[in-house]
Amino acid sequence: MPSRRTVLAATAGVTAALAIGTDAQAGSTGSAGSTDDSELHGLISRMTLEEKVGQLFVMRVYGHSATAPDQADIDANLQELGVRTAAELLARYRVGGIIYFAWAHNTRDPHQIAGLSNGIQRASLGLPRGLPVLISTDQEHGIVARVGRPATLLPGAMALGAGGSRTDAREAGRIGGAELRAIGIRQDYAPVADVNVNPANPVIGVRSFGADPKAVSGLVAAQVKGYQRAGVAATAKHFPGHGDTAVDSHYGFPVIEHTREQWTALDAPPFRAAISAGIDSIMTAHIMVPALDPSVDPATLSRPILTGILRGELGYDGVVVTDSLGMQGVREKYGDDQVPVLALKAGVDQLLNPPSIEVAWNAVLNAVRAGELTEARLDESILRILRLKAKLGLFERPYVSDAGVDRVVGIARHLDAADRIAERTTTLLVNDGSLLPLSRRTHKNVLVVGADPASPSGTTGPPTAVLAAELAALGFTTTRLSTGTAPAQAVIDQAVAAAQGKDAVVVATYNVTAGSAQRTLVTRLLATGVPVVAVAVRNPYDVAQLPEVKGYLASYSWTDVEVRAAARVLAGRVAPRGRLPVPVQRADDPARVLYPIGHGLTYGS
């Protein structure tokens, strides 16, 4: 096996030796302490300017293989990137990182992902002065995950916030991190460090641990330690805090109106906690925070925010990565050729997924040639990136193995841990008349209806099917009818007819609003006289819109692991233990709190 010093020599002979490959052991973080910055400086000094520019970019690429993707993926790559394959992308632009997406067909199954990762590393290391690639993805768990079954899928942030256990949060991070590392992913864009104080937040919501900065801080730090002890770089996001916005930065430009004092008390603590926990990377937000920078630039492009506050005041010297540069929030004010240059001037290290790599790459290259950016400024960011690659063991062990996948990914011990953690997060919000748990003696025949949003993470879904199957496995007789998030009148009539003669109805609700047809569905079902129980499968705020429901649970996600746990709580197999990590306001008077942070019932109370 080649030594780190050999790899750092960065010669063609080394890359040929590396092509043999080694098995990256889950849980090994490499021996970062033995990599002297002088070695990395030496490596940087041998890089061409074009190679330096490439190192700053993290790009998407279509296909399940680095060299032989399907024809449709070749066509997509040619259209968007001007290359056919990941290998060609690396050869042309020498990018330092690649991000995996399910929609880019990168994540079919764990063995395929491991093969893709190895192919990417082999292609990059086979180039002159070739370097290992930092492969990343968004695996937050809960409603945002790119790697699905048979990998272990764990409860998301707000569910963990409801569980309130830092031990569980750390263990979820460790399991998730170990499985990512086994398939060649070494940087995870998690955990979310935003404090979700706006119930109308369309982009964060249940991706946040909650609304209490202290509680969020503790869980963020726990997840950071879990991921990084497994040998994966955690990424706290979205700095300086995306938790109080009603605009999705994918499609617009949110403005956070917090004062500097409010930001310090509310938004900053989780990022401070992440830094104290040794966070490897922090992701920027495409949001405007006038109290932190009156220039009305997005934080991603703000030197006062990224260099002044994050680097200066918070003392962070790790890698700073942008949120996707294809999002509208960062493109609102400047052109795609200006954005990457301004981001580097602001203090960013990694430029994530620009709309056009050709435009962005050439913009940075030309900015250096024109003197707008200095090569020394690039070297600062490249040093941070190479330090992280060294810490993660990429210079020693860039490859993974099928045997490593089988030892780690989706193993019974991990799946069981996910189930147990999920059981500790399910929250019982309402239980009038002790309707729950449902008894097989008195409520044996159950109709399961409700919303069936598309699976967020390659789980089996849909949630009504998962609920019905789990209840059936627990001894109930179940009938299932998917009514959707906006049921038409004919579907509502069908559900009411199906409820006749049943002992109970279980309704899965999803982001219920005042004018939602889901409210009409539930009202009509209640009018049948059959007991109705609801499960909020995303935001717990649904309960405020349906005050007539006598039994209401919150699962915080519609992924299988959380829906199955909710079914076990419904059936009394386990007692509810979750507590609301966010307040729920009254629907008729949002200024008044209906259920405060910490609310949660259990059986027998």
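Judged purely by atom type and a 3.5 angstrom limit, Q112 uses its side chain to pair as donor or acceptor with the backbone of N106. D560 places a side-chain N or O within donor-acceptor distance of the main-chain N or O of T460, the cut-off being under 3.5 Å. A distance-only check finds a donor-acceptor pair linking the side chain of S302 to the backbone of I305 [under 3.5 Å]. Formation of a donor-acceptor pair under 3.5 Å by the E179 side chain with backbone atoms of G410 is found in this model. With T322 contributing its side chain and T300 its backbone, the two residues share no donor-acceptor pair below 3.5 Å. The main-chain N or O of N196 is never found under 3.5 Å from a side-chain atom of D194 such that the two would form a donor-acceptor pair. No donor-acceptor distance shorter than 3.5 angstrom exists from the side chain of H242 to the backbone of K237, with no hydrogens or angles considered. Counting only distance, with no hydrogens or angles, the side chain of Q139 and the backbone of V147 share a donor-acceptor pair below 3.5 Å. Without hydrogens or angle criteria, D280 side chain to T235 main chain gives no donor-acceptor distance under 3.5 Å. Between the S381 side chain and the V348 main chain, a donor and an acceptor come within less than 3.5 Å of each other.
Remark: I135 CD1 to R181 CZ distance equals 12.0 Å, nearest 0.5 Å. Distance check: L394 CG to L131 CG gives 10.5 Å after rounding to the nearest 0.5 Å. Rounding to the nearest 0.5 Å gives a distance of 8.5 Å between CD1 of I597 and CG of L580. Separation of atoms CG (L134) and CZ (R186) is listed at 9.0 Å; rounding is to 0.5 Å. Atom CG of residue L89 and atom CD1 of residue I98 lie 5.5 Å apart, to the nearest 0.5 angstrom. For the atom pair CD (E562) and OG1 (T425), the distance works out to 5.5 Å, reported to the nearest 0.5 Å.
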(request) Dump the intermediate steps for side-chain contact (heavy atoms from CB on, under 4.5 Å) on V320 and R384, then the final yes or no. (result) CA-CA 9 Å; V320 173; R384 290 192 188 100; over 6 Å; no
(request) Begin with the C-alpha distance, continue with both residues' side-chain angles, and end with the deciding distance and a verdict on side-chain contact (heavy atoms from CB on, under 4.5 Å) for D188 and L180. (result) CA-CA 8 Å; D188 188 16; L180 290 178; 3.6 Å; yes
(message) salt bridge (Lys or Arg N to Asp or Glu O under 4.0 Å) for R108 and D70? Distances and angles first, verdict last.
(response) CA-CA 13 Å; R108 290 180 179 176; D70 294 339; 2.6 Å; yes
(request) Evaluate side-chain contact (heavy atoms from CB on, under 4.5 Å) for H414 paired with L154, printing each intermediate quantity in order. (result) CA-CA 9 Å; H414 288 176; L154 294 129; over 6 Å; no
(message) Test side-chain contact (heavy atoms from CB on, under 4.5 Å) on H141 and Q223; report intermediate values, then the result.
(response) CA-CA 12 Å; H141 294 277; Q223 285 243 285; over 6 Å; no
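Residues passing the side chain to side chain contact (heavy atoms under 4.5 Å, CB included) test with D452 are P462, P463, T464, R480, S482, sequence neighbours excluded.
Under a cut-off of 6.0 angstrom, the local environment of CZ in R84 is sparse, with at most 12 non-hydrogen atoms contributed by other residues, nucleotides or ligands.
Electrostatic pairing of R564 and D419 counts as a salt bridge here, judged by a charged N lying under 4.0 Å from a carboxylate O. A salt bridge links D349 to R311: one of the charged nitrogens lies within less than 4.0 Å of a carboxylate oxygen. At a threshold of 4.0 Å, the pair D168-R577 does not count as salt-bridged, since none of the basic side-chain nitrogens sits closer than that to a carboxylate oxygen.
Between R170 and S165 there is no side-chain heavy-atom pair separated by less than 4.5 Å. Using a 4.5 Å heavy-atom cutoff, the side chains of P132 and F395 are in contact. With contacts defined as side-chain heavy-atom distances shorter than 4.5 Å, the pair T485/N511 does not qualify. In this structure, S117 and Y100 have side chains that are in contact, with non-hydrogen atoms separated by less than 4.5 Å. A heavy-atom distance below 4.5 Å is not found between the side chains of R92 and W361. A heavy-atom distance below 4.5 Å is found between the side chains of F239 and I309. L81 is listed as a side-chain neighbour of R60, based on a closest heavy-atom distance under 4.5 Å. Between T426 and R568, the closest side-chain pair of non-hydrogen atoms is not below 4.5 Å.
Classified by interplanar angle (parallel below 30°, tilted 30° to 60°, perpendicular above 60°), the ring pair F101/W103 is parallel.
Residues A182 and V405 approach most closely at O-CG2, 3.6 Å, considering heavy atoms. Scanning both residues, S217 and P269, for their nearest heavy atoms gives OG-C, 3.2 Å. Nearest heavy-atom pair, Q228 versus A234, reported as atom, atom and distance to 0.1 Å: OE1-N, 3.3 Å. Across all non-hydrogen atoms, the minimal contact from S555 to A159 is O-CB, 4.3 Å. Closest heavy-atom contact between E140 and Y189: CG-O, 3.8 Å. When all heavy atoms of A236 and I279 are compared, the pair lying nearest together is N-CD1, 3.7 Å.
Side-chain atoms of Q187 and Q350 form a donor-acceptor pair, as typed in the model, at a separation below 3.5 Å.
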